Structure formats: C-alpha cells, structure tokens
2 protein chains.
Amino acid sequence: MKLNTKSRYAVMALADMAVFSSDDAVSLRDISLRQGISLLYLEQIFLKLKKNNIVKSVRGINGGYILVKSPKELKILDILLALDQKVKTIGCKKNSKKSCNGKSTKCITHNFWDELDIHINSFFESKKLSDLLKNREARI
Amino acid sequence: MKLNTKSRYAVMALADMAVFSSDDAVSLRDISLRQGISLLYLEQIFLKLKKNNIVKSVRGINGGYILVKSPKELKILDILLALDQKVKTIGCKKNSKKSCNGKSTKCITHNFWDELDIHINSFFESKKLSDLLKNREARI
DNA sequence: TATATACCCGACTAAAATAGTCAAGTTTTT
DNA sequence: AAAAACTTGACTATTTTAGTCGGGTATATA
Ligand code: FES
Ligand code: FES
C-alpha cells in the first residue's frame with residue numbers, strides 16, 4: 001500500500017523546485033544535492049514529468065527545469081499520473097468484463113475497492129504542490 | 001498503490017462467510033469454490049486471520065471457520081492488519097530518526113504522506129465487513 | 001569555436017516482493 | 001478406520017522495483 005519511489009521522489013523534487021523557485025531554471029544537480037536523490041534517477045523521473053507537461057526544460061549551461069504551472073495550481077494527482085502511478089486499489093481490470101477471480105460477474109468486494117479509489121483520488125485531486133510547503137519548519 | 005492479493009482475498013473470503021453465515025462453520029473448500037480462490041492460498045490466509053483472532057477454527061468433519069465478531073462489528077482495517085498489510089504510504093521508517101533520503105531531518109514531503117496515511121486509515125477504520133454486503137446485486 | 005554543463009533516452013540489471021504451490025502433518029466426526 | 005478439514009513451514013517462479021550505465025544532444029560562456 002505504498003506509492004513507488006519514483007512518484008515519491010517526483011513530489012519531493014517538485015516541492016524542492018517550488019521552494020527554490022526563481023526565474024531561472026533549477027538544475028537536477030542542485031535538487032540531487034539538496035534532497036539526496038540520485039542524479040541519474042532524477043533524470044529518469046524528469047523525463048516523464050516533461051513528457052506530461054509538468055515541467056519544461058532549458059538545455060545548456062545554467063539550464064534545468066521550470067514548473068509549467070504555479071505550485072498553487074499543480075495538483076499532486078497530476079504528478080502521480082505523470083509517473084504512471086495509478087491509484088487503483090481494485091483487483092480487476094477496470095474496463096474488463098472479467099472479475100478479479102476470473103468469474104463473469106463483478107466480485108463481492110468490487111464496489112468497496114471502487115469507493116476506496118474514489119476516496120484516495122479525491123485526496124490527491126484536492127492537494128496542490130503548494131500545500132506541501134505550508135507549516136514546514138527547517139526541513140530542507 | 002494496490003493492496004496485496006492476500007489482503008484482497010481475505011476481505012473477499014470473509015465477505016463470503018458473512019453472506020453464507022450460519023451457526024455452522026464455513027469450510028475453506030466452499031469458499032474456494034464460490035469465490036474462485038485457490039484452496040491452498042486460502043489456508044495460508046486463514047492461518048493469519050486465526051492468529052489475529054478474526055476467525056476461529058473448528059476441526060474435523062463439518063469443520064471450518066467462524067467469524068469471531070459479527071460483520072457489523074468487524075472493521076476492514078482489522079482484516080488488513082491481520083495480513084500485515086500496513087497502510088503506510090510514507091517513504092521513511094515511521095519511528096526512525098532517519099529521513100527517507102538518509103538525511104537527519106524529516107524530508108519536505110513527510111507531513112504530506114502522513115496526512116494521506118490518516119486519510120486512508122480512517123476509511124478502513126470506518127468501514128465494516130457488513131458494509132460490503134449492502135446493495136449487492138447477484139454478485140456471488 | 002572549444003568546452004563544460006546539463007538535458008535526453010533507451011537498455012540493462014540486481015534485489016526484493018508477490019503470488020502462489022507443495023509436503024507432511026494433526027484433529028475430529030461419522 | 002476413514003475421510004474431511006484444519007496446521008505449518010518451506011519452497012519457487014514470476015514480476016516489480018529501484019535503480020545504474022552508456023552514449024548521446026543542445027547551449028551559454030570564455
Ligand atoms: S475487484 Fe473487480 S471483480 Fe473483484
Ligand atoms: S517521508 Fe519521512 S522523511 Fe521523507
């Protein structure tokens with residue numbers, strides 16, 4: 001019942017960007033040093049963030065990444081979706097006719113997991129990146 | 001972001017028991033046939049449920065398992081805990097001094113995952129096994 | 001224009017978790 | 001006695017995870 005590390009690091013890295021935001025791009029090297037995340041891993045993560053239009057890149061010296069939206073507007077859900085981290089606690093394929101145990105009708109628990117998915121998704125939908133920066137003590 | 005199959009099957013099997021409850025014990029063989037779950041797998045699952053006092057066993061012919069609490073009183077959270085399925089979306093060890101990225105202070109996202117854990121846990125805490133049986137159409 | 005910096009991208013891999021199975025019991029009812 | 005059903009630990013194939021590696025390309029600045 002855990003998100004994968006790519007998603008967790010993505011949220012962490014973007015929060016870092018929000019804190020150290022300026023007009024300049026933020027380099028992965030800086031994020032790596034500040035947050036203790038492997039640079040090579042960050043590259044992989046930001047590739048996906050870029051493809052999903054969460055950040056845009058600036059190449060060359062003094063390059064880096066820039067948030068496309070402001071932290072106030074960036075939903076955590078969008079970050080997770082960019083990393084293929086679906087909130088899907090349900091066992092069966094969502095649009096498949098087959099149930100999770102191979103029967104033809106939905107299993108007895110299906111509706112329950114469905115409710116749970118909605119419950120979690122609405123949390124990620126409501127939270128913005130800026131919400132992570134509130135009330136933080138010296139925690140960078 | 002998925003529960004493991006043992007937890008999901010545990011909920012399914014217990015829901016099955018709740019539906020077919022009687023004064024008699026319900027055998028794993030029957031649950032296996034009705035829900036399409038491997039008998040050998042069910043045995044493993046019910047071992048844990050028994051250890052955690054969710055069910056009690058009756059040995060011998062006409063034996064099986066009986067719910068310790070009524071479905072109205074049995075929290076889904078208790079089932080998940082019995083299967084070691086902790087709701088812990090957070091990256092770091094909860095009581096460790098170390099943060100998820102090896103630094104000495106809590107990372108920038110820590111409070112956020114903490115909030116999420118509470119959000120999900122309260123869902124499982126509020127839901128009872130009997131809640132799964134409501135509004136079910138012919139779904140056994 | 002050379003060069004250092006930083007993004008770009010696919011492929012690869014070791015380790016861990018998962019989803020089971022198997023074997024060899026014990027207990028109790030009929 | 002025999003059959004049904006629970007008990008338990010060990011074992012394994014598959015999949016997922018969490019990264020690393022190698023070899024690019026673009027661009028600012030000296
Ligand atoms: S979870 Fe969808 S059929 Fe079981
Ligand atoms: S999640 Fe706890 S320190 Fe990062």
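Quick caveat, the model's predicted, so the values are computed rather than measured. Numbered from 1 within each chain, the chains take letters A, B, ... in sequence-line order.
The cluster map of Ile, Leu, Val, Met, Phe, Trp and Tyr, joined by side-chain heavy atoms under 4.5 Å apart, puts A:Phe46 and A:Val68 in different clusters. Hydrophobic clustering, with ILVMFWY side chains joined whenever heavy atoms are under 4.5 angstrom apart, groups A:Leu39 together with A:Ile45. A:Ile118 and A:Leu80 fall into different hydrophobic clusters, where Ile, Leu, Val, Met, Phe, Trp and Tyr residues are linked whenever their side-chain heavy atoms come under 4.5 Å apart, directly or through other members. By the rule that hydrophobic residues join a cluster once side-chain heavy atoms approach within less than 4.5 Å of another member, A:Met17 and A:Leu47 end up as members of separate clusters.
Atoms CG (B:Asp30) and C1' (D:dA5) sit 11 Å apart, rounded to a whole Å. Between the NZ atom of B:Lys2 and the P atom of D:dT15 there is a distance of 14 Å, rounded to whole Å. Atom CG in A:Asp24 sits about 12 Å away from atom P in C:dA6, given to the nearest Å. Atom CG in B:Leu47 sits about 19 Å away from atom P in C:dC22, given to the nearest Å. The nearest whole Å value for the distance from the CD1 atom in B:Ile45 to the P atom in C:dG20 is 9 Å. Straight-line distance from the CG atom of B:Leu42 to the C1' atom of D:dT7: 15 Å, rounded to whole Å. Between B:Lys48 atom NZ and C:dA19 atom C1' the separation is 13 Å, expressed in whole Å. Atom P of nucleotide C:dA4 and atom CZ of A:Arg29 are separated by 15 Å, given to the nearest angstrom.
Ion pair B:Glu125/B:Lys75 flagged as a salt bridge, since at least one NZ, NE, NH1 or NH2 atom sits closer than 4.0 Å to an Asp/Glu carboxylate oxygen. The residues B:Lys48 and B:Asp84 are annotated as salt-bridged, a charged nitrogen and a carboxylate oxygen being separated by less than 4.0 angstrom.
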Between the protein and nucleotides 16-22 of chain D, which nitrogen or oxygen pairs come in under 3.5 angstrom?
{"unit_1": "D:dA18", "atom_1": "OP2", "unit_2": "A:Thr5", "atom_2": "N", "d": "3.0"}
{"unit_1": "D:dA18", "atom_1": "OP2", "unit_2": "A:Thr5", "atom_2": "OG1", "d": "3.0"}
{"unit_1": "D:dA18", "atom_1": "O5'", "unit_2": "A:Thr5", "atom_2": "OG1", "d": "3.0"}
{"unit_1": "D:dT20", "atom_1": "OP2", "unit_2": "A:Ser38", "atom_2": "OG", "d": "2.6"}
{"unit_1": "D:dT20", "atom_1": "O4", "unit_2": "A:Gln44", "atom_2": "NE2", "d": "2.6"}

Can you check each nucleotide of nucleotides 24-30 of chain D against protein heavy atoms at under 4.0 Å and return B for base, S for sugar-phosphate only, - for none, in 5' to 3' order? BBBBBS-
Does the pair A:Tyr41 and A:Lys6 meet the rule for a side chain to side chain contact (heavy atoms under 4.5 Å, CB included), with working shown? CA-CA 8 Å; A:Tyr41 209 23; A:Lys6 272 187 187 133; 3.5 Å; yes
Given side chain to side chain donor-acceptor pair (under 3.5 Å), test A:Ser57 with A:Lys50 step by step and report yes or no. CA-CA 7 Å; A:Ser57 65; A:Lys50 191 194 166 180; 3.2 Å; yes
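Between B:Ser57 and D:dT7 there is a side-chain polar atom (N or O) within less than 4.0 angstrom of OP1 or OP2.
Under the rule for a side chain to side chain contact (heavy atoms under 4.5 Å, CB included), the partners of B:Lys127 that lie at least two apart in sequence or sit in another chain are A:Phe112, A:Glu115, B:Ile76, B:Phe123, B:Asp131.
Residue B:Tyr65 is classed as a sugar-phosphate contact, given heavy-atom separations below 4.0 Å to backbone atoms only.
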